[in-house]
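Have a look at the structure below before the remarks.
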Amino acid sequence: MTYALEIKDVSHWFGTNKVLNNLNLQIAHGQIVAVVGPSGCGKSTLLRAIFGTHPPKAGQILADNEPVTKPCRSVGIVYQHYTLYDFLTAKENVAFGLKLDQTNLPFRLFQFPKWRQLQRQHFAQSIEFLNRVGLSHAIDKYPHEMSGGMCQRVAIAQAMIMKPKILLLDEPFGALDESTRTDLQLLLLRFYQENLEAKRAGQTAPHTILIVTHELNEALYVSDRVVGLSQYHADGANGATIVYDRPSPIFHPDDPRDFDLFLSQREELRKVVFDPESKKRHEEFVTFWNEHADLQAIAMQKA
Amino acid sequence: MIRQPIQLRTRIVISVLSILAMFVAYEAIAMRQSRINPKQTVVPGITSLWDGIQKMTTPNRRGETWLVEDVKATYGRLFLGLGLGIGLSIIIGVAMGAYPWVEAFFVPAVSFFAKIPPTAMLAVYFVLFGTKTEMFVAMVGLSVFFTLAQSIYQVAKKDVSDHSVFKAYSLGATSPEVIYEVLWKQILPRVIESIRLQIGPAMVFLIAAEYVVGDVGIGYRIRIQSRILNMNVVYIYLVMLGGSGLLMDWSLTQLRRKLCPWFGE
């Protein structure tokens, strides 16, 4: 089986400070995985390793079976603080990746008419993506003319248009107000529905997402799988590892947003991942793949 | 209240009044000086200034006027020096901001030479380049280069976050594309601003150098004419320098607005 992302025996340390301790994780195409963990447990280190800017000291990370050693087309990212290009409008920001990926500078300079024609197609695609994230009214706005929520939608569209094998969301809604946060959470649920529709049609699911968040309700609400990274386990002295990996409840965008539905799982997560007294063997709650078949059946039924 | 906004019309009226006040004050001082000494040339009146303009525009034995000769020499040196200095500082400054090994190589030299006043380096330029055009061009170019390269390097390093760069790679960019499409476009307005700030000092160094060793040029003419108290010529040259400085400043602001509409004011 080819995974969208495969993390094999990954460890990382800074000097004598051991941060990641023998991590193993496989994410299948179409999964939306939330990663949670206490502050300082190495979530950002793990994310940077997956993105390729800071490869791990030991072990290997594969995106669609290709080793990730530097930032590449297979892995997209949306940062907490948007990181849009200030000098491009929303439409240009979203089309920026298509331009970089499909053309080069000599082509744009010396085959200008062809480039203009291609650029029109890129803009058409870009506008379509902006419509999908609810920004059809802001296509010509610069980032400084948009709110934080609008910028984050543009950043999501910018990453999604490139169809990365896996999209990393680094606490993407952390700086947003409650209403915008809810809108964007619903956007992720819609992406998950698109995955289910693609699977039903016998196609590869288009969106594989790994979201890092410190908000447990959000993690359980938007994802179909929750992974807990923590230093609170039997071998915690050697760094954090995955201590929790279980399916999370599937929500449809039209379902009521009732966080009480996963109250018991939230408590379980809090106890296993966030409790400093937890000194269990780390495999005890790493049961996702055992429960996977059941999860799929439930999801298809619900959809 | 401080910073209370005023209407555009009020602003224009106040600006026009300030210019008029300058003229009136100048003319009043000139008239007063002329009453004390009718032959004085230190604060020449309007008529005397007109004589100065005529002196500047009367062809000499070579058929050239002072104005054309001096403007050609001074602005030729200025633009050539600025062109070389700006071009070089953009290449080196951007490279320093993009590649840590280029940064490590150039930072000591650039930081050190940027601290030496270019006029203090005049003697070195005389020895290295003589006293002809090459010397003036080298002086303007190098004086601009060290300061501008340092400022472009700082901007390239601080105004472009690592996240922007990494994201560009994840969108499929190559390193040259990251430099041109991300780094350069992001810092362009600040580069234009830095260039704008460099024009004044470049003019100062050039006029000072012409004043000391020039045989043609605005600095040279100011020295010769001020020695014989032909201030009606000197003042016209000063007005010209101020006007051209304002024009260059305005042109660069317009260029920044045109090329970087996202940057705001």
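In the text below, chain A, chain B and the rest are named by the order of the sequence lines, each starting its count at 1.
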Is it the side chain or the backbone of [X] that comes within 4.5 Å of chain B heavy atoms, both, or neither?
X	answer
Arg48(A)	neither
Thr83(A)	both
Tyr79(A)	side chain
Glu145(A)	neither

[X], part contacting chain A, at a heavy-atom distance under 4.5 Å:
X	value
Ser161(B)	side chain
Tyr180(B)	side chain
Glu177(B)	side chain
Val160(B)	neither

Any donor-acceptor N or O pair under 3.5 Å, side chains Ser194(B), Ser151(B): yes
Electrostatic pair Lys185(B)-Glu181(B), nearest N-O below 4.0 angstrom: yes
Compute both the distance and the angle, then confirm whether Arg77(B) meets the cation-pi test with Phe136(B): under 6.0 Å from the six-membered ring centre, within 45 degrees of the axis. yes
A cation-pi test, strictly: NZ or CZ of Arg132(A) under 6.0 Å from the centre of the six-membered ring of Phe129(A) and no more than 45 degrees from its axis. Yes or no? yes
Parallel under 30°, tilted from 30 to 60°, perpendicular over 60°: which one fits the rings of Phe14(A) and His12(A)? perpendicular
Please round to the nearest 0.5 Å and tell me the distance separating atom CG of Leu98(A) and atom CD of Gln119(A). 11.0 Å
Between CZ of Phe106(B) and CZ of Phe146(B), what distance do you get to the nearest 0.5 Å? 10.0 Å
For the interface with chain B, which of Gly76(A), Gly97(A), Pro164(A), Pro143(A) has the highest count of heavy-atom pairs at distances below 4.5 Å? Gly97(A)
